[in-house]
Amino acid sequence: MSTQEKITHPLIESLQWRYATKKFDAAKKISNEDLELLKTALQLSASSYGLQPYKFIFIENPEVRKQLQPHSWGQSQIVEASHLLILANQLEVGDADVDALIELTAKTRNIPVDNLASYGTFMKTNIRQVPVEAKAFWNAKQAYIALGFLLTSAAELKIDTCPIEGFEPEAYDHILNLKAQGLTSAVVAAIGYRSVEDMTLNLAKVRKSKEELFMTI
Ligand SMILES: Cc1cc2nc3c(=O)[nH]c(=O)nc-3n(C[C@H](O)[C@H](O)[C@H](O)COP(=O)(O)O)c2cc1C
């Protein structure tokens, strides 16, 4: 199937409608209600074991956004989008995270912590086997899943986004003082509304064919 083919399902229409917005309308701001919906979508993202080893950081301060722009290939979305979100992953993950998850699960589902003890041990044993340097990478992968939730949810709400990997994580970490908080910037999302002047607004989607993309074994 070509990406030009018209599919009328609302989900596919939303996914066709969205695109990595290059130029945002700086005058259009996301409402508090929509922002809350996007936050809820991020909160509901799936993560390995449900550990959610990340923080979602909205940069509201325009001065900070200006500071970040030169460390983001100068991309205009950094300063022009209604909202700028840094998806920052934990540098580490371990026993304390598992204990917190077990406690939260017990409280949420109203069950004794002891009932979950063996599952906690199972998680801790598995996570301890992950080499230290691989843990941050594993956590970053969880942050990228949240990015996917965000892009899809925003599209459903007719809110534009641009996922951004074109930035210097070291500079972001320094400017936002992330390392001291056990965090590092994984990926960025600019969120807002497309400008009518965006030259890429009406470009056809470029995607591999399903024949190329899928395998059946
Ligand atoms: C993780 C990730 C990082 C990306 N980084 C950038 C970026 O820094 N700047 C940009 O303009 N687009 C960026 N993109 C957008 C991609 O180029 C775009 O999603 C891809 O070309 C497909 O086009 P579409 O999203 O408009 O359908 C990024 C996309 C992803 C998923």
Side-chain angles (χ1 to χ4, degrees), residues 1-26 28 38 41-42 45-48 53-59 64-90 136-173 175-176 178 183-210 212-214:
M1 190 213 79
S2 131
T3 50
Q4 312 296 318
E5 190 180 315
K6 195 82 189 138
I7 297 181
T8 53
H9 191 281
L11 170 67
I12 302 303
E13 280 171 2
S14 292
L15 295 179
Q16 289 277 12
W17 173 87
R18 69 146 294 282
Y19 75 112
T21 304
K22 305 293 177 219
K23 184 158 178 56
F24 283 85
D25 184 339
K28 283 197 191 162
L38 293 179
L42 285 161
S45 180
S47 63
S48 193
Y54 39 61
K55 293 272 187 207
F56 303 123
I57 307 168
F58 280 98
I59 312 296
V64 176
R65 286 175 64 166
K66 260 190 222 159
Q67 242 180 302
L68 295 172
Q69 191 183 21
H71 302 289
S72 321
W73 301 352
Q75 298 186 77
S76 68
Q77 300 97 314
I78 301 295
V79 290
E80 289 183 350
S82 169
H83 285 71
L84 185 71
L85 177 67
I86 317 301
L87 296 97
N89 61 277
Q90 290 177 201
F137 186 62
W138 183 46
N139 292 343
K141 290 200 274 185
Q142 314 308 319
Y144 272 78
I145 295 171
L147 174 73
F149 270 58
L150 174 72
L151 301 187
T152 308
S153 306
E156 278 287 305
L157 298 168
K158 291 284 179 287
I159 293 172
D160 286 298
T161 52
C162 186
I164 295 176
E165 244 176 2
F167 72 99
E168 299 156 28
E170 281 297 328
Y172 269 56
D173 291 356
I175 291 167
L176 304 172
L178 294 186
L183 297 167
T184 183
S185 40
V187 66
V188 174
I191 314 168
Y193 296 97
R194 60 189 69 178
S195 160
V196 287
E197 288 163 20
D198 190 342
M199 306 292 276
T200 67
L201 185 62
N202 292 315
L203 294 181
K205 286 237 171 285
V206 179
R207 293 294 191 272
K208 292 180 181 176
S209 69
K210 284 183 177 165
E212 202 179 347
L213 212 46
F214 295 94

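Indexing begins at 1, ligand by ligand and atom by atom, following the structure's order. Predicted, not measured: the structure shown is a model, and the values here were computed from it.
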Against heavy atoms of [X], which atoms of ligand 1 measure under 4.0 Å?
X	value
Q77	11 (O)
Y144	1 (C)
G166	8 (O)
C162	10 (C), 11 (O), 12 (N)
K205	24 (P), 26 (O), 27 (O)
Y19	26 (O)

Counting only nitrogen or oxygen atoms and a 3.5 angstrom limit, does P163 reach ligand 1? yes
Has ligand 1 got any nitrogen or oxygen that is less than 3.5 angstrom from a nitrogen or oxygen of W73? no
Decide yes or no for M199 and K23: does some side-chain heavy atom of the first lie under 4.5 Å from some side-chain heavy atom of the second?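 Side-chain contact under 4.5 Å: no.
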Is any side-chain heavy atom of E156 closer than 4.5 Å to one of L11? yes
N/O donor-acceptor pair under 3.5 Å between [X] side chain and [Y] backbone:
X	Y	result
R194	Y19	no
K205	R18	yes
D173	T184	no
Q75	G166	yes

Would you check if there is a donor-acceptor pair between the side chains of Y193 and T21 at a distance under 3.5 Å?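 Side chains of T21 and Y193: no pair found under 3.5 Å.
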How far is [atom] from the closest protein heavy atom, and which atom is that?
atom	value
atom 19 (O) of ligand 1	A20 CB, 4.0 Å
atom 25 (O) of ligand 1	R18 NH2, 2.7 Å
atom 5 (N) of ligand 1	E165 N, 2.9 Å
atom 12 (N) of ligand 1	K22 NZ, 3.3 Å
atom 9 (N) of ligand 1	Q75 OE1, 2.7 Å

Whether F167 and Y172 hold their rings parallel, tilted or perpendicular, with breakpoints at 30° and 60°: tilted
Record the part of S72 in heavy-atom contact with ligand 1 below 4.0 Å; permitted values are side chain, backbone, both and neither.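 No part of S72 comes within reach of ligand 1.
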Between R207 and ligand 1, which residue portion shows a heavy-atom distance shorter than 4.0 Å: side chain, backbone, both, or neither?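 Within the 4.0 Å criterion, R207 contacts ligand 1 through side-chain atoms alone.
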Which is it for F56 and Y54 under the ring-ring contact (aromatic ring centres under 6.0 Å, His included) test, yes or no, and what are the steps along the way? CA-CA 7 Å; F56 303 123; Y54 39 61; 4.8 Å; yes
